Number of protein chains: 2
Amino acid sequence: MPEKSSRSSRRERTPLSRERVLRCALAVADREGIGALTIRSLARALETKPMSLYHYVANKDEILDGIVDLVFSEIDLPSAGGDWRPGMHRRAQSARRVLRCHSWAIGLLESRTTPGPATLQHHDATLGTLRAAGFSVQMTAHAYALLDSYIYGFALQEAALPFKGPGTVAEVTEPIVQLFSAGDYPHLREMASEHVLQPGYDFGNEFEFGLDLILDGLAASISDRGGALPPPASRPG
Amino acid sequence: MPEKSSRSSRRERTPLSRERVLRCALAVADREGIGALTIRSLARALETKPMSLYHYVANKDEILDGIVDLVFSEIDLPSAGGDWRPGMHRRAQSARRVLRCHSWAIGLLESRTTPGPATLQHHDATLGTLRAAGFSVQMTAHAYALLDSYIYGFALQEAALPFKGPGTVAEVTEPIVQLFSAGDYPHLREMASEHVLQPGYDFGNEFEFGLDLILDGLAASISDRGGALPPPASRPG
DNA sequence: CCATATTTCGTACAGTGTACGAATGCGTAC
DNA sequence: GTACGCATTCGTACACTGTACGAAATATGG
């Protein structure tokens, strides 16, 4: 028996909007994985019907573009005036943290070629920090490609790990190593027994080492020649 | 009118096998993209019917695992006896080249948590080269995480670029920059006009810079302390 | 020949994105 | 009021996905 008054037929759910669709899509992806984010599941989460979403979004691809941009908007921007090194350090750590929270975003990056405003803003601010610090345009391009490659690649590896926290390493690693036949993969075995399976191991700790090494290298590159183009070292021989 | 003799009813197509299924899947993904790789399209390419594939493969996920492992098998292994630096350099360049050929593989890595034999072999050989060069276990872990993060991240960025070759940069970049409203993204504009749109620009060239910087840093790290654990630099202040 | 195992594949089902067009509600002008 | 026009909601339908189930065809061994 449907109520007839117009007042009650629009139930008191908050009205739909593009914003709300995207935020809810992000929440669903976080909660149940990107594979569980379907038009129908999203509509259910919003208490609507599937086809209603298409008034705010052209297609599913636009939703994916949108939530990737939302993820980017969570990353700390380097402050405009500060030194480049702590700025880049903070940004890198923040990006890694954000990408670990939304690990499905990494896999999406490969197929998304239309960056959103938050993504563009993020890139612009980062480039600006480097340029303001005296990096040449060339050197800025080098530094940016290097830093972002490292950040994304690290996040990708972290996402692909079969274990999530430091606690569950053994339960996952042990049975895999057991499967290796007698003499196979000796160095993987060593790495497992002498490093990964040691108490307190956490892959995430590796991030800092590489990040500092890269920032050191960049610092050296610009102090050498004021940010000019040549590669960081020409090895003799 | 079906032929009745058993001889002619089995047409002279080469017999199915797990190997053939995976190799064909790889070819389809390369030719038409990973999105076009479906059980039905794969069966068509193999001149069979969809359900026949399931005798050689448990499900589609196993196919994806399989072709990722095939991709890994294409990457040059560092030779066992050689110096670590040229070995790592060659491996990195080879990995990048392979991942550029099969750019869909990057996006797959995030969701694949069961590495195949070629993948394990690859990791083992790389670890072995570093250990043989005198890297400590800790330092090997650091170096490996760093190098692979850079390689995967670079490949991911390369895959996400809207343009493929050096030729098409302008056609893609120009209209995007045109869309920016008046004062927005000044540093992106600068990077576009003064670097990306310059003749001869190729993002792929950035790879070498970062790779050399990382290898320099690693070389310094092990010569400092014989591959001991501490980070590459402790900055004063 | 038959019996058994391996391999092929036809049919069916639940789930996907979304095109199309019909309903419904809402704001304004008469 | 009432009628129009627009924004919004959504029902139905279609082509396509992975794959469960079981039947058919073929190969193998006695």
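All of these numbers come straight from a predicted model, not from anything done at the bench. Chain letters run A, B, ... following the sequence lines, proteins first, then strands; residues in each count from 1.
Within the structure, a side-chain polar atom (N or O) of B:Ser52 is placed less than 4.0 Å from OP1 or OP2 of C:dC9.
For A:Asp148, the salt bridge (charged side-chain N to carboxylate O under 4.0 Å, His left out) test picks out A:Arg91, with sequence neighbours left out. Partners of A:Pro162 under the side chain to side chain contact (heavy atoms under 4.5 Å, CB included) rule, at least two apart in sequence or in another chain, are A:Val172, B:Thr113.
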Expected string for nucleotides 12-22 of chain D under the B/S/- scheme (protein heavy atoms, under 4.0 Å, primed atoms plus P, OP1, OP2 as sugar-phosphate) is BB---BBBBB-
Cut-off 3.5 Å, no hydrogens considered: what does the side-chain donor-acceptor table look like for residues 15-26 of chain A, sequence neighbours left out?
{"residue": "A:Ser17", "atom": "OG", "partner": "A:Arg20", "partner atom": "N", "Å": "3.0"}
{"residue": "A:Arg18", "atom": "NH1", "partner": "A:Tyr56", "partner atom": "O", "Å": "3.3"}
{"residue": "A:Arg18", "atom": "NH1", "partner": "A:Glu62", "partner atom": "OE2", "Å": "2.8"}
{"residue": "A:Glu19", "atom": "OE2", "partner": "A:Arg23", "partner atom": "NH1", "Å": "2.9"}
{"residue": "A:Arg20", "atom": "NE", "partner": "A:Thr14", "partner atom": "OG1", "Å": "3.2"}
{"residue": "A:Arg20", "atom": "NE", "partner": "A:Pro15", "partner atom": "O", "Å": "3.3"}
{"residue": "A:Arg20", "atom": "NH1", "partner": "A:Thr14", "partner atom": "OG1", "Å": "3.2"}
{"residue": "A:Arg20", "atom": "NH2", "partner": "A:Thr14", "partner atom": "O", "Å": "3.3"}

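Here D:dC10 presents its C1' atom at 15 Å from CG of A:Leu42, a figure rounded to the nearest Å. Between the C1' atom of C:dT7 and the CZ atom of B:Arg18 lies a distance of 16 Å, rounded to the nearest Å. Going from atom CD of B:Glu47 over to atom P of C:dT8 covers 14 Å, rounded to whole Å. Put simply, NE2 on A:His55 is 8 Å from P on D:dA7, counting in whole angstrom units.
A salt bridge (charged side-chain N to carboxylate O under 4.0 Å, His left out) check over residues 95-104 of chain A, counting only residues at least two apart or in different chains, returns the pairs A:Arg96-A:Glu158, A:Arg100-A:Glu158. Pairs passing the salt bridge (charged side-chain N to carboxylate O under 4.0 Å, His left out) check and including a residue from residues 111-125 of chain B, sequence neighbours excluded, read B:Asp61-B:Arg112, B:Asp65-B:Arg112.
Taking the six-membered ring for Trp and the full ring otherwise, the centers of B:His123 and B:Tyr144 sit less than 6.0 Å from each other.
For A:Lys49, whose side chain is taken as the heavy atoms from C-beta onward, the closest listed nucleotide among D:dG11, C:dT8, C:dC9 is D:dG11.
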